[in-house]
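Counting from 1, the numbers follow the sequence of the chain as shown.
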Amino acid sequence: MGRQTQRKDDLLVSSNFIRAVRESGYVSLSTALAELIDNSLQASATEVAVTVTRPKAGGLPEIRVEDDGEGMSRSRLEACLRFGGSSRFDERQSFGRFGMGLPAASLSQARRVEVTSWQNGQAANQVSLDVDAIAAGTPVDLRARRQPGVTTGSGCVVTWQHCDRIEYRRLAWLERALRRDLGRIYRRFLSNGDLTLTLNGKRVDPVDPMLLTAKIEGHSAGLVFEPLRYELAASSGKTAFVTVRFAMLPVQHWHHLDNVTKRRSGIVGGAGVSILRAGREIASGWHLMGAKRKENYDDWWRCEIEFDPVLDEHFGITINKQGIRPSQVLQEALGPELEAIARLLNSRVRQAFEEVKFQAATEASCRVAAAADADLPVIPTAGKGSGALSYRIGSEQLSIDKMFASSLKRRTLDVTLNVDHPAFAALYRPLQKLGDEAAGELRTALELFLLSFARTTTLLSRDGHNCDDLLRMWSRTYGRMLQKS
């Protein structure tokens with residue numbers, strides 16, 4: 001076939017355009033594959049199978065994506081590899097907008113792409129694009145060709161051949177990365193049961209960066225408060241909501257995990273903000289946090305922002321749906337409050353780690369108290385009426401009129417010191433100026449004094465005495481004396 005002739009009024013030089021499209025900016029194979037899965041979901045598919053193989057030993061990989069969606073008519077199939085050929089151009093109801101995803105994503109990873117589709121058990125048709133053929137000047141031919149074989153139902157298969165942009169040499173490493181990334185991007189659909197996604201025959205599990213569903217040593221992250229909702233006006237005149245959720249990780253239960261476990265579990269390296277468009281993650285990073293800079297403590301809380309495609313202009317959505325460019329209106333509407341919450345959660349994490357260190361330092365005192373408990377009057381409790389008590393000392397903000405609070409549950413006397421009471425700083429700050437041995441002895445003596453007081457008031461309360469007034473009066477008196485010292 002002869003070399004393609006270029007007319008002066010042609011808008012594009014095909015051979016150069018195709019090579020330029022290969023640099024369309026997909027940050028990873030996962031984000032490029034996501035374009036294909038988006039199309040499957042938009043075609044009402046409930047099952048998508050991704051297969052990654054290496055047809056020849058040492059050769060380039062091949063990737064196949066098959067779905068059980070509604071398929072494409074012959075005319076739609078012939079348009080699907082045209083740039084901007086979508087029948088849903090600039091729609092704001094689902095994933096696609098510009099009709100660029102399938103051809104751009106495919107050619108960003110592979111030198112040849114084939115699309116095969118069928119409907120209602122009828123014969124399948126196929127179209128293809130070949131980078132090398134077009135670059136050599138061969139005219140582009142997107143006519144659909146009938147394929148042999150019998151089909152059932154409807155569906156579509158996209159095959160990427162000669163994938164020369166894949167960095168992974170070992171397919172096992174590639175599969176691991178795809179499983180993690182696709183599980184995160186489509187976590188909502190996988191969790192809700194709206195999509196069954198398999199990779200080389202094995203189901204892809206949802207990956208939640210918020211860690212709300214993760215069970216690590218029996219614990220999960222938790223929402224900090226109810227979701228926030230912001231109503232914004234779109235350029236079309238419609239309004240839609242942006243929903244923001246914050247979660248905090250359980251520092252007290254996960255702080256001791258080794259770094260490998262923290263990284264594999266997503267505790268380390270998964271911090272920041274996840275942006276979801278129509279339930280599908282399109283970006284993650286440090287977004288809309290104002291002047292707040294990311295710190296190590298920020299690994300221990302998460303943020304998720306979800307919006308409707310109607311608000312695309314406010315988020316600055318690009319053709320390949322990667323990353324965001326917030327508008328001034330969006331930054332002004334969300335930025336100040338999100339930055340304030342980020343600083344608050346950073347402070348809470350710091351406080352949680354201080355509490356962890358504080359509890360670790362109190363273990364010696366609690367062991368001494370527990371050893372002595374067998375020789376002290378028994379405090380009866382429901383279920384377990386006898387036996388020595390164990391002890392725990394913690395610290396947090398309490399009502400200013402109490403130096404500490406105590407409770408007895410399951411034979412453990414839990415004493416919480418009030419960090420806002422003057423006694424906390426007066427008793428613990430001087431310990432920092434002493435040597436380790438002297439500070440340890442003085443701290444043990446101090447904490448045994450507090451534990452003995454708490455145990456005594458607990459025992460008296462079980463005998464019918466009201467010790468709350470005594471504790472408040474003692475706390476108030478001691479606090480006033482400290483203020484005068």
Side-chain angles (χ1 to χ4, degrees), residues 4 6 10-43 45 48 50 60-67 69-91 94-118 124-145 147 155-166 185 280 282 317-323:
Q4 184 177 358
Q6 190 73 35
D10 282 349
L11 180 61
L12 299 174
V13 178
S14 298
S15 58
N16 292 340
F17 176 73
I18 287 295
R19 284 183 289 190
V21 164
R22 302 210 74 206
E23 312 301 329
S24 53
Y26 286 92
V27 297
S28 68
L29 173 62
S30 301
T31 56
L33 266 178
E35 295 280 12
L36 273 56
I37 299 173
D38 285 353
N39 290 342
S40 297
L41 288 170
Q42 205 152 0
V48 178
V50 179
L60 294 174
E62 179 175 299
I63 298 177
R64 172 187 170 98
V65 179
E66 181 173 357
D67 69 47
E70 60 193 17
M72 287 182 276
S73 65
R74 188 183 185 93
S75 60
R76 283 186 61 191
L77 181 65
E78 290 180 339
C80 75
L81 289 180
R82 298 181 184 276
F83 293 89
S86 173
S87 61
R88 297 182 287 263
F89 187 85
D90 205 26
E91 278 191 4
S94 188
F95 305 105
R97 263 187 72 184
F98 301 111
M100 300 286 284
L102 174 56
S106 300
L107 298 185
S108 75
Q109 305 296 319
R111 303 195 71 81
R112 178 180 173 83
V113 55
E114 294 178 348
V115 183
T116 307
S117 187
W118 61 96
N125 292 293
Q126 184 182 91
V127 293
S128 63
L129 268 180
D130 190 300
V131 170
D132 296 319
I134 297 172
T138 303
V140 177
D141 184 2
L142 292 177
R143 288 176 297 176
R145 291 170 171 77
Q147 299 300 296
C156 185
V157 177
V158 180
T159 305
W160 291 351
Q161 299 173 343
H162 313 303
C163 297
D164 59 345
R165 297 295 179 89
I166 294 177
I185 292 172
R280 183 263 222 211
I282 60 168
I317 300 304
T318 59
I319 288 176
N320 55 23
K321 301 193 289 290
Q322 296 178 124

For the residue pair [X] and [Y], what are the closest heavy atoms and their distance?
X: Cys163; Y: Leu60; answer: O-CD2, 3.7 Å
X: Val158; Y: Ser106; answer: CG1-OG, 4.4 Å
X: Ser40; Y: Val48; answer: CB-CG2, 3.7 Å

With sequence neighbours left out, what residues match [X] under side-chain hydrogen bond (donor to acceptor under 3.5 Å, both in side chains)?
X: Gln161; answer: Arg112
X: Ser30; answer: Asp181
X: Gln126; answer: Thr116

Item to check | For Asp141, salt bridge (charged side-chain N to carboxylate O under 4.0 Å, His left out) partners two or more places apart | outcome: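 Partners of Asp141 by the salt bridge (charged side-chain N to carboxylate O under 4.0 Å, His left out) criterion, ordered by chain and then number, come out as Arg143, Arg145.
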
Next on the checklist: For Glu62, give me all partners under salt bridge (charged side-chain N to carboxylate O under 4.0 Å, His left out), at least two apart in sequence or on another chain.
Outcome noted: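 Once residues adjacent in sequence are excluded, Glu62 has no partner under the salt bridge (charged side-chain N to carboxylate O under 4.0 Å, His left out) criterion.
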
Pairing residues for [X] by the side chain to side chain contact (heavy atoms under 4.5 Å, CB included) criterion, not counting sequence neighbours:
X: Ala133; value: Asp130, Thr138
X: Ala32; value: Tyr26, Ala105, Ser108, Gln109, Trp160
X: Leu142; value: Leu81, Arg82, Leu129, Val140

Side chain proximity check, [X] to [Y], heavy atoms < 4.5 angstrom:
X: Pro103; Y: Val113; result: no
X: Leu29; Y: Ile63; result: yes
X: Val157; Y: Val115; result: no

Item to check | Whether Ser117 side chain and Ala124 backbone form a donor-acceptor pair below 3.5 Å | outcome: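 No.
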
Next on the checklist: Name the residue from Arg76, Glu78, Met72 that meets the side-chain contact (heavy atoms from CB on, under 4.5 Å) definition with Arg74.
Outcome noted: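 Among Arg76, Glu78, Met72, the one that satisfies the side-chain contact (heavy atoms from CB on, under 4.5 Å) with Arg74 is Glu78.
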
Working to the nearest 0.5 angstrom, can you tell me the gap between [X] [atom1] and [Y] [atom2]?
X: Thr159; Y: Glu114; atom1: OG1; atom2: CD; answer: 6.0 Å
X: Leu33; Y: Ile185; atom1: CG; atom2: CD1; answer: 9.0 Å
X: Leu41; Y: Asp67; atom1: CG; atom2: CG; answer: 8.5 Å

